[in-house]
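Here the structure is a predicted model, which means the values were calculated and not measured. Heavy-atom basis, side chains included; hydrogens, waters and symmetry copies ignored.
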Amino acid sequence: MSLPPLPGRRDHGRVDYYLISAAAGDPEPAGILVEEFVLGEDHTTTAIDSAAWEPRAGSWAGASALTRELRSDAGLRARVAAVDRPAAARALTVLGGGELPDEARLRALFQRQPLPAGAPLDLGTEPAARRYRILFAGLLGERELAGARTALRLEPADDPRVAGTARDDAGGHGFTWELRRIGAGIAWCVDVTVRPGQGDVTALGALLHHHRQAIRRLGLIPVTVERFA
């Protein structure tokens, strides 16, 4: 596997788009949510910026309350679909909102939802390694789980809580990752372990972003990226 190219330390240029329907299973969008993860120097999430457009208001507004609700309310998640920017632009036109603002203008509309900060937890990871967890809200069905195994190039694991594992090397550094169930299947995470060689681990940000987006496209909602010592 070839690791994707390195992005910047923040997710600028990597805005996430969601369509919100009026009811679960309704294919017609009733609103649009735009989010961006704000990352710290160590690639962990420090906040989520967001804005939303609703036909009733006919305008954009900050959406930190909606961002929180999306990660805690399974009913809302059932009405949300992850899309790319062109799909969001088409939906906005259909809803009567005109042209989708460029991402620089969207960021000017964002409302920030800070996330709790703390020192990395010690889970007994070997001293030379760093471990990251990309946490997701929601459930994966069998079809989505098969898609996740393909997208992350996972091999079977012995642990029934782990959907699969994979590894790769880039720039003299070792990377392993696994897709894991949390809390009897109420949530999922991708755990990434980095065993640094010499020099900067330049592929880490790209790998974390790739895995977050791959699972987001399958219907789970990314909650945060944490680091464990």
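- In terms of hydrophobic clustering, with Ile, Leu, Val, Met, Phe, Trp and Tyr side chains grouped at heavy-atom distances under 4.5 Å, Val80 and Trp53 are assigned to different clusters.
- When every heavy atom of Leu92 is checked against every heavy atom of Pro101, the shortest pair comes out as CD2-CD, 4.4 Å.
- Looking at Phe37 and His43, their side chains never come closer than 4.5 Å, going by heavy atoms from C-beta outward.
- Arg112 pairs with exactly one of Thr46, Thr67, Asp49 by the side-chain hydrogen bond (donor to acceptor under 3.5 Å, both in side chains) rule, that one being Asp49.
- In this structure, Val192 is a member of the same hydrophobic cluster as Leu179, with clusters built from ILVMFWY side-chain heavy atoms closer than 4.5 Å.
- No donor-acceptor pair under 3.5 Å is formed between the side chain of Arg180 and the backbone N or O of Ala163.
- With Leu115 as the partner, the side-chain contact (heavy atoms from CB on, under 4.5 Å) test is satisfied by one option alone out of Ile48, Thr44, Val38: Ile48.
- Between Ala30 and Ala22 the shortest heavy-atom distance is CB-N, 3.8 Å.
- When every heavy atom of Ala129 is checked against every heavy atom of Arg195, the shortest pair comes out as CB-CG, 4.0 Å.
- Side-chain contact between Arg77 and Leu70: present, with at least one pair of heavy atoms (C-beta onward) separated by less than 4.5 Å.
- Side-chain polar atoms of His209 and Arg14 form a donor-acceptor pair below 3.5 angstrom.
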Review point. Stepwise, does the side-chain contact (heavy atoms from CB on, under 4.5 Å) test hold for Val190 with Leu135?
Key: CA-CA 7 Å; Val190 177; Leu135 181 63; over 6 Å; no
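- Here the CG-CD distance, from Asp26 to Glu28, works out to 6.5 Å after rounding to the nearest 0.5 Å.
- A donor-acceptor pair under 3.5 Å links the side-chain atoms of Ser21 to the main chain of Arg79, judged by distance alone.
- Under the 4.5 Å side-chain heavy-atom criterion for Ile, Leu, Val, Met, Phe, Trp and Tyr, Leu218 and Ile221 are members of distinct hydrophobic clusters.
- Side-chain atoms of Glu155 and Arg167, non-hydrogen and from C-beta on, never get closer than 4.5 Å to each other.
- A donor-acceptor pair shorter than 3.5 Å can be found between the side chains of Gln213 and Asp16.
- Linking ILVMFWY side-chain heavy atoms closer than 4.5 Å, directly or via other members, places Val83 and Val15 in a single hydrophobic cluster.
- Between the side chain of Thr45 and the backbone N or O of Ala47, no donor-acceptor pair lies under 3.5 Å.
- Proximity of Tyr132 to Leu208: side-chain heavy atoms (C-beta onward) are separated by under 4.5 Å at one or more points.
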Exercise for review: Dump the intermediate steps for side-chain contact (heavy atoms from CB on, under 4.5 Å) on Asp84 and Tyr17, then the final yes or no.
Suggested key: CA-CA 6 Å; Asp84 58 15; Tyr17 297 88; over 6 Å; no
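- Connection of Val223 to Ile182 is established within a shared hydrophobic cluster, with ILVMFWY side chains joined at heavy-atom distances below 4.5 Å, either directly or through further cluster members.
- Thr165 and Ala157 make their closest contact through CG2-CB, 4.1 Å (heavy atoms, listed as atom of the first residue, atom of the second, distance).
- Of all the heavy atoms in Arg133 and Cys189, the pair that sits closest is NE-SG, 3.4 Å.
- Under the side-chain contact (heavy atoms from CB on, under 4.5 Å) rule, Ser50 has a single partner from Val34, Leu106, Leu109, Leu33, which is Leu33.
- Taking 4.5 Å as the limit, every side-chain heavy atom of Asp191 sits out of range of all side-chain heavy atoms of Ile134.
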Point to revise | Derivation and outcome, side-chain contact (heavy atoms from CB on, under 4.5 Å), residues Leu66 and Ile20 | key: CA-CA 11 Å; Leu66 182 59; Ile20 305 174; 3.8 Å; yes
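- Between atom OG1 of residue Thr176 and atom CZ of residue Arg131 there is a gap of 8.5 Å, rounded to the nearest 0.5 Å.
- The shortest heavy-atom contact between Ile215 and Ala148 is CD1-CB, 3.8 Å.
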Review point. Passes salt bridge (Lys or Arg N to Asp or Glu O under 4.0 Å), Glu36 versus Arg107? Steps please.
Key: CA-CA 9 Å; Glu36 185 173 32; Arg107 289 189 181 100; 2.8 Å; yes
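- Residues Leu207 and Phe175 are in side-chain contact: their nearest non-hydrogen atoms beyond the backbone lie under 4.5 Å apart.
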Review point. Are Arg216 and Tyr18 close enough, and set up right, to give a side-chain contact (heavy atoms from CB on, under 4.5 Å), and what steps lead you there?
Key: CA-CA 10 Å; Arg216 187 184 81 92; Tyr18 298 93; 3.2 Å; yes
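- Taking the side chain as every heavy atom from C-beta outward, Leu152 and His211 approach each other to under 4.5 Å.
- A distance of 15.0 Å separates CZ of Arg130 from CZ of Phe228, quoted to the nearest 0.5 Å.
- Defined by atom type and a distance below 3.5 Å, a donor-acceptor pair is present between the side-chain atoms of Gln111 and Ser64.
- A cation-pi arrangement, defined by a distance under 6.0 Å to the six-membered ring centre and an angle within 45 degrees of its axis, is absent between Arg71 and Phe136.
- Residues Trp60 and Ile32 meet the side-chain proximity criterion, which asks for heavy atoms closer than 4.5 Å.
- Between the side chain of Asp102 and the backbone N or O of Arg105, at least one donor-acceptor pair lies under 3.5 Å.
- Distance NE2/His173 to CG/Asp168: 12.5 Å, rounded to 0.5 Å.
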